[in-house]
Amino acid sequence: METKNKGGKGEGRQSKIEEKRWDKVIEIPIARKWKDNKLYAFDRKSKKPVYSIDTPPPYVNTPVHIGQAATYVLMDMFARFRRMTGHNVLFPLGLDRNGLPIEMAAERKFGIKLGDVTRERFIKMCRSVLEESSSATEETFFRLGISFNSWKAGEEVGDIYHTDSPDYRSLTQDSFIDLWNKGLIYEDDRINNFCPGCGTTIADAEVIYRDLPSKFNDIIFRVKETGEKIIIGTTRPELICTCAMVIFNPKDDRYRSLEGKTAVTPVFGKEVPIKSHPYAEMDKGTGLMMMCSAGDLTDIRFFREMNLEPLIAIGSNGLMNEHAGFMKGLTVQQARGKMIEVLIEKKLLVKQKDTVHRTPVCERSKDPIEFISMKEFYLKQMDCKKKMLELAKKISFYSPRSRQIMIDWINSVSIDWPISRRRYYATEIPIWYCAKCKHPILPPKGEYYQPWKDKCPWETCPKCGHGEFYGEDRVFDTWFDSSMSPLYILKYSRDGEFFRRNSPCSLRPQGKEIIRTWLYYTVLKDYLLTGELIFRDAWINYHIVDDNGKKMSKSLGNIIDPQEVIKRFGAEPFRMWCAIEGNLENTDFRCSFDRIEGTHKTLTKIWNVARFVSMFPKPGKRPELEPADRWIMNEVNKLVKNARKCYEKYDFHTPAAEIKHFIWETFASNYIEMVKTRAYNENGDFSKQEQESACFALNHALETVLRLLAPVNPFLTYRLYEELTGKDIHFTEFPEPEKGPEKKMQFTTEELAELNSGIWKAKKDKGESLKSEIEKMEMPKKFREIGSDLRRMHNISKLSFV
RNA sequence: GGGCUCGUGGUCUAGUGGCUAUGACGUCGCCCUCACACGGCGAAGAUCGAGAGUUCAAUUCUCUCCGAGCCCACCA
């Protein structure tokens, strides 16, 4: 296609930029160049203040999803902005490779379960899953233009780190040793959440709730003293064997006579006391409630409160044990069916009703949680709830509203944090035990230990002098690892000087759904280790939903794959979309290919504005500016001020929308149209100074806008800035508002836009072309100062002001 | 049950105690005007969820209700 300015009237004027629009293929060589030149490497010698971002390590075995892509793009904007404001930015990529998601992927891939093969073999299988998956994640981030310090895994500041590297794991183990020595760790045998699918204890934070269908059974008990029948409703008949008490509400007159009597459980014939207790609600079921050990969390609390001895009928393998009598060896589901059969046979089941039961399930495997007693390690957290609240108030949250989520969670914490897990692919708990006296022995810090296969570093037991040991075989909760990330990237306990200078970490960006885990545990653990608050800012992003406001999920088939987005549009439209559409902090926001593609038009517009401006070289010296040019500089100045203010607060949405509006409306439609003739100055109607003023303002305004957009659209702005100025936009500073008193214009921008629009409409209504001549026109005198530009813009022969 | 959001043209969205309520997509009309037809100019389209209150004035503040979503607790 031929460009219009070649030949014809625009003779001699040629745009430096040939292509008519932004093309995604330009991105790849640019990204590669940046990578090859190590443009974003962290400079340890730099004197600039460090701005550090504790990026959320994604799991490597699943492709990057759209939410992560958007989050990383936004983080990248933060990083690029800080670089332009004179910071030495620490922005490393971390990859999470520990824990259940990897193990479950390995189990699926090899068709095995944890206990089926040796530990060595299982770990090998996990490794093989990991090897396959790592590079896809990095490739996606690379194509999105994320400015990580490094693309190489390593131990230098800013390198890609793996949470399963010996270096990272040893730091996790060090933290355990420190906390142990501070007396903050203890082992206890207590009822806990147990996931039968994962075969391990899990923390409250890992429990979620699902509505699952269940049956509500009305079952006959007998009162020993009177022989009368009482009916109790339950969804867990298999737990009748552990029933320790029957209760009713103190206000419930129906059962007052039962107070202090004894109930006999069906089938098992166990005698249990009947008491009144407010836990029982009058309108639930029959109003009578059997209290079984560990049916759910209420039961646990109740047993603790009433000092009842819990009888655990579910073993650590998830199967019913000897306390379940005839149900021994069955799974919980099987046992329930069997119990119902027996009850029916004995005519003890009065009624069965379908119900939906909000069931606690494991966050990872989605198996219903059972409550069983096991020995686990705990980190004391109950003692520092007050301190945690204090710290939560000290963090600067963006938006501030998100703080409440953390506060709510802290207030609801009710037991210490169980940190040990019975899995394989995770950081090992670094303890050996004396084979004779069972005394626990911790190794010295600084090494990565695998006690289940390594030799104990001590020769003899310091307590009894015995020389044989066995290693601990449990591992840590993944959050015990993840909560080390800011300490790890800041070289805590590895480079004391670096850590002291650069702690606390500037920013923790993360999703709202892991405030109660990642954010809470990190702040908690790092406080216990260092005595300080580890973050200055926390930026909490919400969710991306589909075009109809529905959650994206594989089963609904409404997933937007970022790899597909990159393939179709490249990175820049997506990046622009992230900035413009996402009031990310406010609510969930919607995403579709159409919406992303929509921003492409703005990129084309910027491209063509730049093509136009590039026809007019920037004068070396700033000339005395004409009023219209001063006006556009004022407008740019407003943009700069606001962008600075908002970017500081992690708000890219407001400035991006403003900049977009500026480019389309103010700059392209009004300013360019107005000064075009003066910039061309074909008939020599204008003085050299007048022409240069236009050329200067055109260039200056555009350059400034490009710099404002550089964090949002690095590829596009890099390319255009290079064309226009020959310089690399990376090495320019973020624009400062121009100082000195602005000369106020007589008119406002809105008034000018209205005036122009009115003239265009009038010509339109008369069926005339926009450049047709207007013989005579009057306009308000506030426009006098830009009169000559307006006269040429609209081709007015006689212009007067009133 | 406790807490937190949100409800603005067909769709999505901005915004504010006070001019005729922002913009985008979509729809319709006209225009290839020397940066851009992935463009330009213009038109139609909203009683700002419902009701009450505070106020000279409410879409904006307060309360109630209706509707949507999220988090926490709980459901024997």
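Letters A, B, ... are given to chains in the order of the sequence lines, protein chains preceding strands, and every chain is numbered from 1.
Counting non-hydrogen atoms under 4.0 angstrom, A:T235 reaches the backbone sugars and phosphates but no base. Using a 4.0 Å heavy-atom distance criterion, A:A668 is classed as a base contact. Nucleic acid contact for A:I672: base, since at least one base atom lies under 4.0 Å from a heavy atom of the residue. Using a 4.0 Å heavy-atom distance criterion, A:K605 is classed as a base contact.
A salt bridge links A:K638 with A:E635; the closest basic N to acidic carboxylate O contact falls under 4.0 Å. Remark: A:E238 engages A:R236 in a salt bridge, criterion side-chain N to carboxylate O under 4.0 Å.
Listed nucleotides: B:A14, B:C72, B:G39. Nearest to the side chain of A:K601: B:G39. When distances are taken from the side chain of A:D408 to each of B:G3, B:C36, B:C72, the shortest belongs to B:G3.
The side chain of A:S669 places no N or O atom within less than 4.0 Å of a non-bridging phosphate oxygen (OP1 or OP2) of B:G39. OP1 or OP2 of B:C71 has not a single side-chain nitrogen or oxygen of A:R516 nearer than 4.0 Å. Side-chain nitrogen and oxygen atoms of A:K660 include none within less than 4.0 Å of the OP1 or OP2 phosphate oxygen of B:U13. For B:U33, the OP1/OP2 oxygens have no side-chain nitrogen or oxygen of A:K676 closer than 4.0 Å.
Between the P atom of B:A24 and the CD atom of A:E665 lies a distance of 7 Å, rounded to the nearest Å. Distance A:N411 CG to B:G3 P: 13 Å, rounded to the nearest Å. Following rounding to the nearest Å, A:E658 (CD) and B:A14 (P) show an atom-to-atom distance of 14 Å. One atom, CH2 of A:W664, and another, P of B:C41, lie 10 Å apart when rounded to the nearest Å. Straight-line distance from the CH2 atom of A:W518 to the C1' atom of B:C71: 20 Å, rounded to whole Å. Taking atom CG on A:N681 and atom P on B:C34, their separation rounds to 20 Å, with Å as the unit. For the pair A:I540 CD1 and B:U5 C1', the interatomic distance rounds to 16 Å; values are reported in whole Å. Per the geometry, CH2 belonging to A:W409 stands 21 Å off P belonging to B:G2, to the nearest Å.
Both distances falling under 3.5 Å, in either a Watson-Crick or a G-U wobble arrangement, place B:G42 opposite B:C28. Remark: B:U62 base-pairs with B:A52. Criterion, Watson-Crick or G-U wobble with two distances under 3.5 Å. Figure legend. B:G1 is base-paired to B:C72; pairs are counted as Watson-Crick or G-U wobble with both atom distances under 3.5 Å. Pairing partner, B:U20: none, since no Watson-Crick or wobble contact has both distances short of 3.5 Å. Base pairing analysis places B:A37 opposite nothing; no Watson-Crick or G-U wobble pair with both distances below 3.5 Å involves it.
Rounded to a whole angstrom, the distance from the P atom of B:A57 to that of B:G26 is 43 Å. To the nearest whole angstrom, the two P atoms, one in B:U60 and one in B:G15, are 16 Å apart. Taking atom C1' in both B:G45 and B:U8, the straight-line distance is 14 Å, to the nearest Å. For the P atom pair drawn from B:A46 and B:G23, the interatomic distance equals 16 Å after rounding to whole Å. When the P atom is compared between B:U55 and B:G49, the two are found 23 Å apart, to the nearest whole Å. Nucleotides B:U16 and B:G7 are separated by 12 Å at their P atoms, to the nearest Å.
For A:K229 and A:F221, the positive end is not near the middle of the six-membered ring at less than 6.0 Å and at most 45° from its axis.
When each of A:T666, A:D629, A:D789 is tested with A:Y671 by the rule side-chain hydrogen bond (donor to acceptor under 3.5 Å, both in side chains), just one qualifies, namely A:D629.
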Check your understanding: Which is it for A:N756 and A:E673 under the side-chain hydrogen bond (donor to acceptor under 3.5 Å, both in side chains) test, yes or no, and what are the steps along the way?
Key -> CA-CA 10 Å; A:N756 289 332; A:E673 294 304 331; over 6 Å; no

Dump the intermediate steps for side chain to side chain contact (heavy atoms under 4.5 Å, CB included) on A:V705 and A:V609, then the final yes or no. CA-CA 11 Å; A:V705 168; A:V609 165; over 6 Å; no

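Residues A:E673 and A:H600 both approach RNA chain B. Their nearest nucleotides, taken by heavy-atom distance, put A:E673 toward the 5′ side. Both A:W22 and A:L288 lie near RNA chain B, and the one whose nearest nucleotide falls closer to the 5' end is A:W22.
Of the inter-residue distances, the one linking A:L524 atom CG with A:M388 atom CE reads 5.0 Å to the nearest 0.5 angstrom.
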